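The structure appears right after this line, and notes come after that.
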Amino acid sequence: MSTNEKPSKKPGEVDTTGHVWDTNLEEYNNPLPRWWLWGFYATVVFAVVYWILFPAWPVGDGFTKGLNTVTFTEDGEEVTTHWNTRSLLARDMQTGTQAVRQREMLETVGAMEYDEILADVDAMGFVNAYAKGSFGTWCAACHQTGGAGVVEQYPNLRDDHWLWGGTVEKIEETLVLGRLGYMPGYRESLNSDQLEEVASYVLSLNGYEMNDEAVSAGAEIFTGELGGCFQCHGMDAAGRTSQGAPNLTNNIWGLVDVPGAADDAERVARVASYVSGGVQRVMPAFSDRLSPTEIKVLAAYVHSLGGGQ
């Protein structure tokens, strides 16, 4: 039962609100600790400042932009926009400590000759770190992340078999100009037996034991006017980098999965099918996508993947 009677206060005792229940059950008036109050006031002040400086409140189909801004460069022009994480990232990538250091290293490596880059441990350390990202962005879609390529589709960059030349200068030329790999199909000029004979001859050049008669007939087609294969691959079938014609004697098969065949008959069939259909592959030019320095760094990186020439 509540009453307004208030018992006498003892020394040092906290004041009560004046409410008493059952004669001696009182409600004390304990104030909040000062540290808690000041912390609460600080959060209120912080919230108000935050609302003023940064995007905070939704308004219709938009939001309050705040007074804080971020300035960065976009397409060669200075852009100032309200604070947001995307523009903040763009600014940090341009003016951050790591970004500045990266530009300095790019300028340093860009001013070096290829033989200097390849012989400099620090330069190659930067090349491997920087160009790995470039390779992942521009090259990995075809050549895969590690550069191993895809059999029957895209060249392996990790071996020392270079269709267009494996020097850093040639690799740079490939990146700048792009490449068009072309081999005509022979389905109209050679019958099935002749296609298998050419296949047998090519396989024999790589150590496979083929029928002697088929190999002899295939050699005549390969080096004669009927096939004319020697015009690109050479009389010794060692290939010509000037035309991107592969070496057919080193047992490296980028466009035909010969190692995956179950037996010689399947190997002959796979190579014959390739000769019959021909091939056309296009690698785009990157001169309009990457700067000369970025191409130089990427060329050195690709060269290092397969040992280069």
Side-chain angles (χ1 to χ4, degrees), residues 2 14-19 21 27-110 125-147 150 153-154 175-176 178 282-298 301-302:
S2 176
V14 178
D15 289 334
T16 67
T17 61
H19 299 157
W21 289 267
E27 180 183 359
Y28 286 101
N29 186 21
N30 281 315
L32 291 170
R34 288 187 176 276
W35 65 265
W36 191 96
L37 285 173
W38 284 113
F40 173 73
Y41 297 149
T43 59
V44 172
V45 173
F46 174 84
V48 173
V49 173
Y50 187 94
W51 295 341
I52 295 173
L53 295 180
F54 299 98
W57 290 97
V59 178
D61 59 353
F63 55 91
T64 58
K65 302 297 192 295
L67 300 179
N68 206 8
T69 60
V70 179
T71 301
F72 60 97
T73 302
E74 185 176 39
D75 296 331
E77 297 183 0
E78 191 174 87
V79 177
T80 299
T81 182
H82 68 86
W83 188 96
N84 60 82
T85 54
R86 179 173 295 180
S87 59
L88 190 65
L89 174 62
R91 187 188 68 182
D92 288 346
M93 292 182 67
Q94 295 169 4
T95 62
T97 302
Q98 295 301 322
V100 173
R101 176 59 177 160
Q102 186 180 84
R103 284 199 300 271
E104 291 175 348
M105 283 299 298
L106 268 176
E107 293 175 1
T108 299
V109 173
F126 173 76
V127 164
N128 291 329
Y130 182 88
K132 187 175 183 179
S134 299
F135 189 91
T137 300
W138 302 107
C139 312
C142 295
H143 297 286
Q144 307 303 298
T145 302
V150 178
Q153 296 185 54
Y154 307 109
L175 290 169
V176 171
V282 178
M283 173 180 161
F286 287 94
S287 56
D288 59 342
R289 312 180 194 190
L290 301 174
S291 70
T293 299
E294 290 174 318
I295 288 178
K296 174 179 272 191
V297 172
L298 186 54
Y301 175 76
V302 172

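In what follows, residues are counted from 1 in the order of the sequence shown. Both backbone and side-chain heavy atoms feed into the values below; hydrogens, waters and symmetry mates do not. Because the structure is predicted, anything quoted here is derived from the model rather than measured.
Heavy-atom minimum distance, H82 versus K65: CD2-CD, 3.6 Å. Considering every non-hydrogen atom in both Y301 and V127, the closest pair reads N-CG1, 3.7 Å. The two residues Y154 and C142 have their closest heavy-atom pair at CD1-O, 3.2 Å. Residues K296 and G110 approach most closely at NZ-O, 3.1 Å, considering heavy atoms.
R101 contributes no side-chain N or O that, together with a main-chain N or O of G96, makes up a donor-acceptor pair within less than 3.5 Å. Side-chain atoms of Q94 never come within 3.5 Å of backbone atoms of A99 as a donor-acceptor pair (strictly under, hydrogens ignored).
Under the rule for a side-chain hydrogen bond (donor to acceptor under 3.5 Å, both in side chains), Q144 has no partner lying at least two apart in sequence or in another chain. Partners of P33 by side chain to side chain contact (heavy atoms under 4.5 Å, CB included), not counting sequence neighbours, listed by chain and number: W35, W36. Every residue meeting the side-chain hydrogen bond (donor to acceptor under 3.5 Å, both in side chains) condition with T80, not counting sequence neighbours, appears here in chain and number order: T71. Contacts of N29 classified as side-chain hydrogen bond (donor to acceptor under 3.5 Å, both in side chains), with partners at least two apart in sequence or in another chain: none.
Note that the CD atom of Q102 and the CD atom of E104 stand 11.0 Å from one another [nearest 0.5 Å]. Taking CZ of R86 as the start and CG of L89 as the end, the distance is 9.5 Å to the nearest 0.5 Å. Here E74 contributes atom CD and T81 contributes atom OG1; the two are 9.5 Å apart, rounded to the nearest 0.5 Å.
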* Under the side chain to side chain contact (heavy atoms under 4.5 Å, CB included) rule, what do W83 and L88 come out as? Steps first, then yes or no, please. => CA-CA 7 Å; W83 188 96; L88 190 65; 4.0 Å; yes
* Stepwise side chain to side chain contact (heavy atoms under 4.5 Å, CB included) test for E78 and F72 -> CA-CA 6 Å; E78 191 174 87; F72 60 97; over 6 Å; no
* **Step-by-step side chain to side chain contact (heavy atoms under 4.5 Å, CB included) determination, D75 to E77** => CA-CA 6 Å; D75 296 331; E77 297 183 0; 5.7 Å; no
* **side chain to side chain contact (heavy atoms under 4.5 Å, CB included) between L298 and L175, worked out** => CA-CA 9 Å; L298 186 54; L175 290 169; 4.1 Å; yes
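Between L106 and V297 the shortest side-chain heavy-atom distance falls below 4.5 Å.
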N/O donor to acceptor pairs below 3.5 angstrom from side-chain atoms of residues 129-140, sequence neighbours left out:
{"unit_1": "Y130", "atom_1": "OH", "unit_2": "E294", "atom_2": "OE2", "d": "3.2"}
{"unit_1": "T137", "atom_1": "OG1", "unit_2": "G133", "atom_2": "O", "d": "3.0"}

Determine all donor-acceptor pairs shorter than 3.5 Å in which one atom belongs to a side chain in residues 39-64; sequence neighbours excluded.
{"unit_1": "T43", "atom_1": "OG1", "unit_2": "F40", "atom_2": "O", "d": "2.6"}
{"unit_1": "T64", "atom_1": "OG1", "unit_2": "A56", "atom_2": "N", "d": "3.3"}
{"unit_1": "T64", "atom_1": "OG1", "unit_2": "W57", "atom_2": "N", "d": "3.0"}

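Counting heavy-atom neighbours within 6.0 Å of R289 CZ, excluding the residue itself, gives a total above 12.
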